[in-house]
Trainee: 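Please find one structure pasted underneath; my questions will follow.
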Amino acid sequence: AGTLLYYSDIPILKEYVIIDFQIIFDSISKIIIQHLDIASEHGAHLKYKDIFKQKGQLDTSVLKDVKDCLKVDELLSLLNHRHIISKIESTNMFFMPSVLPKGELSYNQSSTSSFLVLFDHGYCPVGLFCAATTRLIVAHKWEINTNESQFRNEIHFYCSCSGKSYHVIFSAFSAHYEVCLKEKALPGVKYIIYQNINDVFGKVCDDMKYPPPSYGFYCPGESCKCGDASYTQNQHPAKCTSQEMICCYSDTPSCLDIEHKQWFSEVVSQEQIKVHSSQPEMRDQVVKLEGVPT
């Protein structure tokens with residue numbers, strides 16, 4: 001018994017049936033080695049090594065010497081399909097967030113400028129953050145903010161809405177993901193960002209066979225009765241369940257304020273939103289958030 005991989009929806013791979021996952025792992029290793037070792041073989045291309053290590057960008061011109069059972073364009077199509085890399089428009093470059101260094105993260109100081117992606121088992125699945133990052137670039141045209149340092153657990157984006165680019169920080173903590181909008185924006189902009197995130201996680205969770213996430217915010221510290229002094233105000237994830245949020249640690253309810261509700265501004269017209277959760281008792285719960293300004 002075993003698993004066969006056949007990608008009928010990738011035209012360039014329709015003639016292939018992959019019978020061994022190790023082929024993919026070996027191919028990825030060769031890409032990494034080719035970029036990191038190229039300085040010793042081709043001194044003129046030292047810049048590619050630095051760009052790859054510091055920015056997670058691989059150049060297709062460097063891969064021409066990679067010898068593998070798959071051709072370079074076939075391999076890149078497969079990795080792109082599996083959300084491992086994403087094409088950077090108008091360049092020969094691909095973005096590979098998994099090779100970036102790990103950063104030391106800090107929680108955002110304003111609870112209302114962030115919303116959270118939460119998982120019912122209490123931790124973030126391995127590999128999901130990088131997959132979501134590449135999907136944001138491919139499906140929703142989010143652009144890497146080249147003015148900021150990038151890490152495999154924190155990516156700075158530009159998201160274009162209504163002709164303006166907004167700085168969005170996408171961070172991976174151990175128990176949740178944080179989406180932080182750095183500038184003040186109209187409710188419609190927040191909803192576009194939320195909608196993009198929701199679409200991306202719906203796709204990658206389905207592809208990777210993970211239960212869909214739920215969404216929430218950081219708890220207001222004054223109303224949370226967690227009882228664990230090691231948790232600060234900004235470290236309390238709270239799941240959005242109705243016209244309140246419930247702390248994931250203490251089950252303490254807190255009201256959603258106007259800025260929280262703006263993240264889910266589709267409710268303005270529909271007056272309802274279904275909470276994404278793998279818990280049967282919550283999956284079909286309809287949430288009504290009223291009085292949100294347009």
Side-chain angles (χ1 to χ4, degrees), residues 56 82-84 95-137 142 144-145 148-157 167-182 193-194 196-198 200-221 223-241 245-254 260 263 275-279 282:
R82 297 305 304 172
H83 312 299
I84 297 172
F95 182 55
M96 193 174 187
S98 58
V99 302
L100 290 167
K102 185 177 181 181
E104 293 293 330
L105 305 186
S106 60
Y107 292 87
N108 180 44
Q109 296 303 308
S110 174
S111 62
T112 56
S113 66
S114 301
F115 81 91
L116 309 181
V117 182
L118 307 169
F119 298 89
D120 288 330
H121 40 61
Y123 61 89
C124 297
V126 175
L128 195 59
F129 180 77
C130 290
T133 294
T134 58
R135 179 74 183 173
L136 283 168
I137 296 172
W142 286 30
I144 299 297
N145 184 342
E148 301 287 344
S149 298
Q150 308 292 350
F151 303 98
R152 67 171 178 265
N153 55 339
E154 182 172 88
I155 305 296
H156 291 254
F157 284 108
H167 183 184
V168 180
I169 304 175
F170 185 31
S171 305
F173 295 90
S174 59
H176 66 274
Y177 297 147
E178 177 188 278
V179 181
C180 175
L181 176 62
K182 292 298 290 182
I193 294 173
Y194 157 72
N196 289 174
I197 292 290
N198 187 39
V200 160
F201 277 100
K203 173 64 175 175
V204 297
C205 285
D206 183 62
D207 285 353
M208 300 175 76
K209 310 304 180 186
Y210 289 127
S214 54
Y215 300 99
F217 307 99
Y218 289 122
C219 282
S223 62
C224 183
K225 301 179 176 62
C226 177
D228 187 338
S230 66
Y231 292 118
T232 66
Q233 171 183 343
N234 295 326
Q235 292 174 301
H236 283 128
K239 186 176 296 185
C240 178
T241 58
M245 48 186 169
I246 305 297
C247 179
C248 295
Y249 298 110
S250 68
D251 293 328
T252 304
S254 300
H260 285 142
W263 279 113
V275 176
H276 299 275
S277 174
S278 59
Q279 295 180 359
M282 291 181 58

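One-based numbering along the sequence shown.
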Trainee: Can you name the ring pair (Phe, Tyr, Trp, His ring centres under 6.0 Å) partners of His83, sequence neighbours left out?
Mentor: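 For His83, no residue satisfies ring pair (Phe, Tyr, Trp, His ring centres under 6.0 Å) once neighbours in sequence are set aside.
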
Trainee: May I have the step-by-step check of side chain to side chain contact (heavy atoms under 4.5 Å, CB included) for Leu136 and Ile197, ending in yes or no?
Mentor: CA-CA 8 Å; Leu136 283 168; Ile197 292 290; 4.0 Å; yes

Trainee: With sequence neighbours left out, write down each residue that passes ring pair (Phe, Tyr, Trp, His ring centres under 6.0 Å) with Tyr210, or none if nothing qualifies.
Mentor: none

Trainee: Do Ile144 and Ile155 touch side chain to side chain, with heavy atoms closer than 4.5 Å?
Mentor: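 Result yes, sub-4.5 Å side-chain heavy-atom pair found.
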
Trainee: Please report the interatomic distance CE(Met208) to CG(Leu128), rounded to the nearest 0.5 Å.
Mentor: 5.5 Å

Trainee: What distance separates Phe119 CZ from Ser214 OG, expressed to the nearest 0.5 Å?
Mentor: 8.5 Å

Trainee: Starting at CG of Leu105, measure out to CZ of Phe173 and round the result to the nearest 0.5 Å.
Mentor: 5.0 Å

Trainee: Residues in side chain to side chain contact (heavy atoms under 4.5 Å, CB included) with Ser98, at least two apart?
Mentor: Met96, Cys130

Trainee: What closest approach, in Å, do Leu100 and Arg152 show between heavy atoms, and which atom pair accounts for it?
Mentor: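 It is O-NH1, 3.0 Å.
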
Trainee: Can you name the closest pair of heavy atoms from Cys248 and Leu118 and give their distance?
Mentor: SG-CD1, 4.2 Å

Trainee: Let me see the working for Leu116 and Tyr215 under side chain to side chain contact (heavy atoms under 4.5 Å, CB included), right down to the final yes or no.
Mentor: CA-CA 6 Å; Leu116 309 181; Tyr215 300 99; over 6 Å; no

Trainee: Could you report the tightest heavy-atom contact between Lys102 and Phe151, atom names first, then the distance?
Mentor: C-CD2, 3.9 Å

Trainee: Taking ring pair (Phe, Tyr, Trp, His ring centres under 6.0 Å) as the test, write out the residues that go with Phe157, two or more places apart.
Mentor: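 With neighbours one apart ignored, the set is Trp142.
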
Trainee: Taking the inter-plane angle between the rings of Phe217 and His260 on a 0 to 90° scale, is it parallel (under 30°), tilted (30 to 60°) or perpendicular (over 60°)?
Mentor: tilted

Trainee: Write down the atom of Pro211, the atom of Cys205, and the distance for their closest heavy-atom approach.
Mentor: O-SG, 3.9 Å

Trainee: Check Phe201 against Pro213 and note the closest heavy-atom contact, atom names and distance.
Mentor: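 Smallest interatomic distance, heavy atoms only, reads CB-CG, 3.9 Å.
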
Trainee: Please test Phe115 against Leu181 for side chain to side chain contact (heavy atoms under 4.5 Å, CB included), starting from the C-alpha separation and ending with a verdict.
Mentor: CA-CA 9 Å; Phe115 81 91; Leu181 176 62; over 6 Å; no

Trainee: Show me the pairs that pass salt bridge (Lys or Arg N to Asp or Glu O under 4.0 Å) and involve residues 200-214, at least two apart or across chains.
Mentor: Lys203-Asp207

Trainee: Evaluate the criterion side chain to side chain contact (heavy atoms under 4.5 Å, CB included) for residue pair Thr134 and Ile84; output intermediate values, then yes/no.
Mentor: CA-CA 7 Å; Thr134 58; Ile84 297 172; over 6 Å; no

Trainee: Give me the atom names and distance for the closest heavy-atom approach of Gln150 to His156.
Mentor: OE1-N, 2.8 Å

Trainee: Is there side-chain contact between Glu154 and Ile169, with heavy atoms separated by less than 4.5 Å?
Mentor: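 They are in contact (side-chain heavy atoms under 4.5 Å apart), so the answer is yes.
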
Trainee: Has the side chain of Tyr177 got a donor or acceptor atom that lies under 3.5 Å from a matching backbone atom of Phe129?
Mentor: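 Side chain of Tyr177 to backbone of Phe129: a pair is present.
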
